[in-house]
Amino acid sequence: MTLRPARILLYAILGLFCLYYLLPLYVMLVNSVKPLQEITSGGMMELPQVWTLAPWHNAWSQAQVGVEATGLKPYFLNSLLMVVPAVTIATVLGALNGYVLTKWRFRGDTILFGLMLFGCFIPFQIVLIPMARSLGFLNLSGTVGGLIFVHVVYGISFSTLYFRNYYSAFPTELVRAAEIDGAGFFTIFWRILVPNSGPIAVVCVIWLFTNIWNDFLFGASFSDFSSQPMTVALNNLVQSSTGEKEYNVHFAGAIMAALPTLFVYIVAGRFFVRGLMSGSVKG
């Protein structure tokens, strides 16, 4: 009973922080279903007097993003075609690397892991020119495949770190017992390690998906008009508007760009902290 006032105060403070952080989302949602006249008249914080989905329709299929008024639809599809293979490949390669670095130790494995870990701290700007030359050599410049390659290369360091720390707490005796029973390298990986990797796989997917989907620098540097991801197209939508700014369309487009990451966090967010902690304690 003595803790009740303190707990109420704590909940009140947390509630204020929630309102503060949700205020931008409220502003975007409310103004994305308003006619433009209500926004320009100074009523951004008010609920709509006239509700309309026309801004969403315009942002999706009619807004002037590039040369043609295609809306954000083709660029949303580009982002999906980029992020799904990139996340899948980087996660699988990270799991294999973590498996090798913990259960198949070899001379210099610690040095190799340290070099891969160094990739987590390399700023994006440093790799722009070397990556551009590599994409040109591979004939992947200005393509969705080139963006997939870039994000896989940059994501392997993080996925290897996650899986390596997780597998280091996994009983090595199970791997050795499977070897005695005649199981090979990939049989052990697919039959023993992968079925027990759910928590850390969720962490890796959420981390990679969020970073790849929200990336702007690589998308702006290595794509052309036909392969631009959603973030670059949204920036072009806002910057290329002529005449009167269609703020309601811009708000609707911003929410569209944020919806996939929000969906991922809502569906799998409760597993994120659990997966991070699952490999932190041995025993």
Side-chain angles (χ1 to χ4, degrees), residues 59-60 63 65-68 70-97 115-163 201-240 250 253-265 268 272:
W60 180 250
V65 178
V67 178
E68 300 179 1
T70 60
L72 294 173
K73 179 180 178 180
Y75 307 100
F76 187 91
L77 297 177
N78 284 342
S79 288
L80 285 179
L81 293 174
M82 172 188 68
V83 72
V84 173
V87 170
T88 302
I89 295 172
T91 301
V92 172
L93 292 179
L96 282 169
N97 291 339
L115 292 175
M116 297 189 69
L117 187 62
F118 183 70
C120 298
F121 305 99
I122 299 178
F124 284 8
Q125 294 81 356
I126 293 179
V127 303
L128 288 181
I129 295 178
M131 190 63 71
R133 292 180 62 87
S134 299
L135 292 177
F137 177 77
L138 296 172
N139 199 26
L140 292 175
S141 299
T143 65
V144 175
L147 293 176
I148 293 173
F149 175 79
V150 170
H151 288 296
V152 167
V153 170
Y154 221 93
I156 286 178
S157 297
F158 292 97
S159 59
T160 299
L161 171 64
Y162 293 145
F163 279 98
V202 171
V203 171
C204 190
V205 167
I206 291 177
W207 177 268
L208 291 174
F209 185 95
T210 303
N211 281 274
I212 295 174
W213 184 274
N214 292 332
D215 171 70
F216 176 80
L217 181 61
F218 287 159
S221 302
F222 304 129
S223 65
D224 58 16
F225 288 113
S226 62
S227 60
Q228 285 179 349
M230 186 70 166
T231 51
V232 179
L234 180 61
N235 177 74
N236 293 340
L237 170 64
V238 175
Q239 298 296 332
S240 64
H250 298 169
I255 296 174
M256 289 180 187
L259 279 177
T261 53
L262 288 175
F263 176 78
V264 169
Y265 272 108
F272 188 75

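With sequence neighbours excluded, the residues forming a ring pair (Phe, Tyr, Trp, His ring centres under 6.0 Å) with Phe76 are Trp60, Trp213, listed by chain and number. Partners of Phe218 by ring pair (Phe, Tyr, Trp, His ring centres under 6.0 Å), not counting sequence neighbours, listed by chain and number: Phe124, His151, Tyr154, Phe222. Phe163 pairs by the ring pair (Phe, Tyr, Trp, His ring centres under 6.0 Å) definition with Tyr167, not counting sequence neighbours. Residues passing the side-chain hydrogen bond (donor to acceptor under 3.5 Å, both in side chains) test with Asp215: none are found, sequence neighbours excluded. Residues forming a side chain to side chain contact (heavy atoms under 4.5 Å, CB included) with Phe263 (at least two apart in sequence, or on another chain): Val267.
In terms of heavy atoms, Ala59 sits closest to Gly253 at CB-N, 3.9 Å. Minimum interatomic distance between Val65 and Ala233 (heavy atoms only, all atoms of both residues): CG1-O, 3.5 Å. Scanning all heavy atoms of the two residues, the minimum distance from Ile148 to Leu81 falls at CD1-O, 3.5 Å.
Ile255 has its side chain out of reach of Leu262: every pair of non-hydrogen atoms, C-beta onward, lies at least 4.5 Å apart. A heavy-atom distance below 4.5 Å is found between the side chains of Ile206 and Thr210.
A donor-acceptor distance shorter than 3.5 angstrom exists from the side chain of Ser157 to the backbone of Met116, with no hydrogens or angles considered.
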Pairs of donor and acceptor atoms involving the side chains of residues 131-144, under 3.5 Å and at least two apart or interchain, shall be tabulated with distances.
{"residue": "Ser134", "atom": "OG", "partner": "Pro130", "partner atom": "O", "Å": "2.9"}
{"residue": "Ser141", "atom": "OG", "partner": "Gly136", "partner atom": "N", "Å": "3.4"}
{"residue": "Thr143", "atom": "OG1", "partner": "Leu140", "partner atom": "O", "Å": "2.7"}
{"residue": "Thr143", "atom": "OG1", "partner": "Gly146", "partner atom": "N", "Å": "3.0"}

For a quick test of your reading: what N or O donor-acceptor pairs under 3.5 Å do the side chains of residues 86-96 make, sequence neighbours left out?
{"residue": "Thr88", "atom": "OG1", "partner": "Val84", "partner atom": "O", "Å": "2.8"}
{"residue": "Thr91", "atom": "OG1", "partner": "Val87", "partner atom": "O", "Å": "2.6"}

Could you go through Gln125 and Leu217, starting from their C-alpha distance and side-chain angles, then the distance that decides it, and tell me whether this counts as side chain to side chain contact (heavy atoms under 4.5 Å, CB included)? CA-CA 8 Å; Gln125 294 81 356; Leu217 181 61; 4.3 Å; yes
Run the side chain to side chain contact (heavy atoms under 4.5 Å, CB included) test on Thr231 and Asn235 for me, step by step, so that the C-alpha distance in whole Å, both residues' side-chain angles and the decisive distance to 0.1 Å come before the verdict. CA-CA 6 Å; Thr231 51; Asn235 177 74; over 6 Å; no
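Atom CG of residue Leu77 and atom CE of residue Met230 lie 9.5 Å apart, to the nearest 0.5 angstrom. Note that the CG atom of Leu208 and the OH atom of Tyr162 stand 7.5 Å from one another [nearest 0.5 Å].
Screening residues 218-228 for side-chain hydrogen bond (donor to acceptor under 3.5 Å, both in side chains) gives Asp224-Ser226, Asp224-Ser227, Gln228-Asn236 as the qualifying pairs, with residues at least two apart or on separate chains.
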